[in-house]
Amino acid sequence: MNSSKASKISISPNGELKVPDVPVIPFIEGDGIGRDIWPATRLVIDKAVEAAYGGTRRIEWLELLVGEKGFHQTGQWLSDQALQTIKDYVVAIKGPMTTPVGTGIRSLNVAIRQKLDLYACVRPVRYIDPVPSPMKAPEKIDMVVFRENTEDLYAGIEWQAGGEEASKVIAFLNAQLGTTLGEKTGIGIKPISEANTKRLVAKAIAYAIEHKRPSVTLMHKGNIMKFTEGAFSRWGYEVAKERFGARTITEAELYEKFDGKQPEGKVVIKDRIADMLFQQVLLRPDEFAVIATPNLNGDYISDALAAQVGGLGMAPGANIGDECAVFEATHGTAPKYAGLDKVNPGSLILSGVMMLEHMGWIEAAEKIRVALQATIKAGVVTYDLARQISGAREVKCSAFAKAITERF
């Protein structure tokens, strides 16, 4: 099959992906250990697609020069052309990205999410036996976090203490709104809007309905931040009623009208204060299926949940908008390990699984999921897991990927 048959993924007027048999998918290798984990991930994805579809489907990969490689070759960390290519091709995958020092870009990851309006950061957290876990019953952990990606404190609206901008804001707040802020105070703005909240929560509810998940929990700190996080919770309940009224019930209705017995086909919408939820996902993890949350809470809870199932090395992630989606490793660049063929590629491989599922290539995704678990269960693992699993055989990053493909 030659590359001339390759074509772009597109989106139909009703929002569904139209995926050709040979889609062109852009990839960003990533910085640091990206040079190790991306080739491993690509091997696994390609072999899984071949095994699942017998050569009738395959992926044509298109490299985008972003991050350190982009800067060294083009002088740009993140070009407008790269962003437009992701938008044009609808689906992309990327390794970990460094944060440039001394440039106007605070974070390449955040910049990609904001410039492409990838408003939903989706993080599935599911235990893979026998990955070491600090939990007594890690098999109870099976949650998907939907984190709002474009606003909250990550909007980057802040001013340094002692600077002219901060002084102007402080003077206005003190004089016009009655605050008593000190002169040398750093100022940050926390925007949370109705429109962005509702589209995020709607995506979480739609996911729960499609995947037959029993509940969506709105995570917030509305008891203190009443007009931002409290509004997030209120708007979340509103969009559930407005758009999914026939398929959802509130937790209050569950007990008032149904005596605590969940009706078939209904998703329960509930909310939890952020600090309380951190406790409950430890003590009663099986009570939570989908979590929808503002940006900062989502950053905390997704990493905390990843720790419960063995760490970020096995935690996949995606950033999804209405026009395109980028699937990514959730950990950092670990530059001291770069080029050593040593680190665990599990996070990026499982993000590839999410990508295949997003494309509707479920058979290939399932082959990777099953083979990955079988490889770990056989004790063939990278150093991070080998030092925790008794009797395990430590292998290199590339060898781990090859071992997965041998189990297709």
Side-chain angles (χ1 to χ4, degrees), residues 6-11 15-30 34 37-53 57-64 66 82-83 85-97 109 112-113 116 118-126 128 144-147 149 203 207 210-211 302 312-331 345-372 401 404-405 408:
S7 56
K8 298 177 182 178
I9 296 172
S10 60
I11 303 177
E16 292 183 1
L17 288 191
K18 297 172 67 176
V19 182
D21 288 337
V22 188
V24 179
I25 297 182
F27 73 91
I28 299 168
E29 179 183 82
I37 65 172
W38 168 247
T41 298
R42 178 172 175 169
L43 174 69
V44 171
I45 294 174
D46 285 344
K47 291 290 187 182
V49 170
E50 182 182 352
Y53 307 115
R57 291 177 176 176
R58 67 179 178 82
I59 295 171
E60 184 84 6
W61 299 102
L62 173 64
E63 183 170 14
L64 301 181
V66 175
L83 290 168
T85 300
I86 294 173
K87 197 170 183 178
D88 289 344
Y89 286 84
V90 179
V91 171
I93 187 168
K94 60 179 279 296
M97 307 297 295
N109 293 319
I112 289 171
R113 295 166 191 167
L116 293 174
L118 305 176
Y119 60 85
C121 179
V122 183
R123 296 277 187 91
V125 185
R126 183 178 180 183
I128 298 176
V144 183
V145 177
F146 278 73
R147 167 190 171 192
N149 239 351
K203 190 170 280 290
Y207 178 93
E210 181 182 352
H211 293 84
S302 57
L312 287 174
M314 297 296 292
N319 299 289
I320 302 174
D322 293 330
E323 297 182 326
C324 56
V326 177
F327 299 81
E328 66 178 0
T330 59
H331 51 69
S347 173
L348 192 55
I349 289 172
L350 288 170
S351 297
V353 169
M354 291 181 70
M355 182 187 75
L356 292 169
E357 290 174 338
H358 183 72
M359 294 162 54
W361 291 15
I362 305 301
E363 300 84 359
E366 191 60 20
K367 279 190 176 295
I368 297 175
R369 198 190 308 278
V370 171
L372 175 64
I404 294 172
T405 65
F408 290 152

Check your understanding: Is there a side-chain contact between I368 and F408, using heavy atoms and a 4.5 Å cut-off?
Key -> yes
| field | pair C324-L118: side-chain heavy atoms closer than 4.5 Å | value | yes
Residues V122 and F146: closest non-hydrogen pair is CG2-CE2, 3.7 Å
- Task: Anything under 30° is parallel, anything over 60° is perpendicular, the rest tilted; go ahead and classify W38 against W61.
- Result: perpendicular
CE of M314 to OG1 of T330, rounded to nearest 0.5 Å, is 10.5 Å
More than 12 heavy atoms of other groups within 6.0 Å of R126 CZ: no
CE (M359) and NZ (K18) are apart, to the nearest 0.5 Å, by 15.5 Å
Heavy-atom side-chain contact between R57 and V22 under 4.5 Å: no
query = With side chains defined as the heavy atoms from C-beta onward, is the minimum distance between V326 and I28 less than 4.5 Å?
reply = no
- Item | Exceeds 12 heavy-atom contacts within 6.0 angstrom, atom NZ of K47 | no
* **Steps toward side chain to side chain contact (heavy atoms under 4.5 Å, CB included) verdict (K8, V90)** => CA-CA 8 Å; K8 298 177 182 178; V90 179; over 6 Å; no
Output for pair (S10 OG, Y89 OH), nearest 0.5 Å, gives 12.5 Å
task = Show your reasoning for whether side chain to side chain contact (heavy atoms under 4.5 Å, CB included) applies to V44 and L372.
result = CA-CA 10 Å; V44 171; L372 175 64; over 6 Å; no
CG (L64) and OG1 (T85) are apart, to the nearest 0.5 Å, by 5.5 Å
Non-hydrogen side-chain atoms of P20 and I9 separated by less than 4.5 Å:
yes
Point to revise | Residues E60 and R58 bridged, charged N to O under 4.0 Å | key: yes
*Should V125 and V144 be marked as a side chain to side chain contact (heavy atoms under 4.5 Å, CB included) after you check the CA-CA gap, both sets of side-chain angles, and the distance that decides it?*
CA-CA 6 Å; V125 185; V144 183; over 6 Å; no
Note to self: Before you tell me yes or no, could you show the steps for L356 and V49 under side chain to side chain contact (heavy atoms under 4.5 Å, CB included), namely the whole-Å CA-CA distance, both residues' side-chain angles and the distance that decides it to 0.1 Å?
What the structure shows: CA-CA 9 Å; L356 292 169; V49 170; 4.2 Å; yes
Given the options K203, H211, E210, Y207 meets side-chain contact (heavy atoms from CB on, under 4.5 Å) only with H211
When every non-hydrogen atom of A92 is compared with those of I25, the smallest separation belongs to CA-CG2, 4.1 Å
For A40 and P345 the tightest heavy-atom approach is CB-CB, 4.1 Å
One should read off an interatomic distance between L348 CG and I93 CD1, to the nearest 0.5 angstrom, of 4.5 Å
Quiz prompt | Side chain proximity check, I11 to L17, heavy atoms < 4.5 angstrom | solution = yes
- Query: Any side-chain heavy atom of I59 within less than 4.5 Å of one from F27?
  - Reply: no
So the side chain to side chain donor-acceptor pair (under 3.5 Å) pairs with at least one residue in residues 313-329 (sequence neighbours excluded) are K87-E323, K94-E328, R113-N319, R113-E328, Y119-D322, N149-N319, N319-E328
Note: W361 and P23 closest approach over all heavy atoms is CH2-CD, 3.6 Å
Between P39 and G34, the two heavy atoms sitting closest are CD-O, 3.8 Å
Looking only at heavy atoms, the pair that brings S351 and G317 closest together is OG-N, 3.1 Å
Is there a side-chain contact between P26 and D88 (heavy atoms, below 4.5 Å)? no
Rounding to 0.5 Å, atoms CG (L350) and OG1 (T41) come to a distance of 9.0 Å
Backbone N/O of A315 and side chain of S347: donor-acceptor pair under 3.5 Å: yes
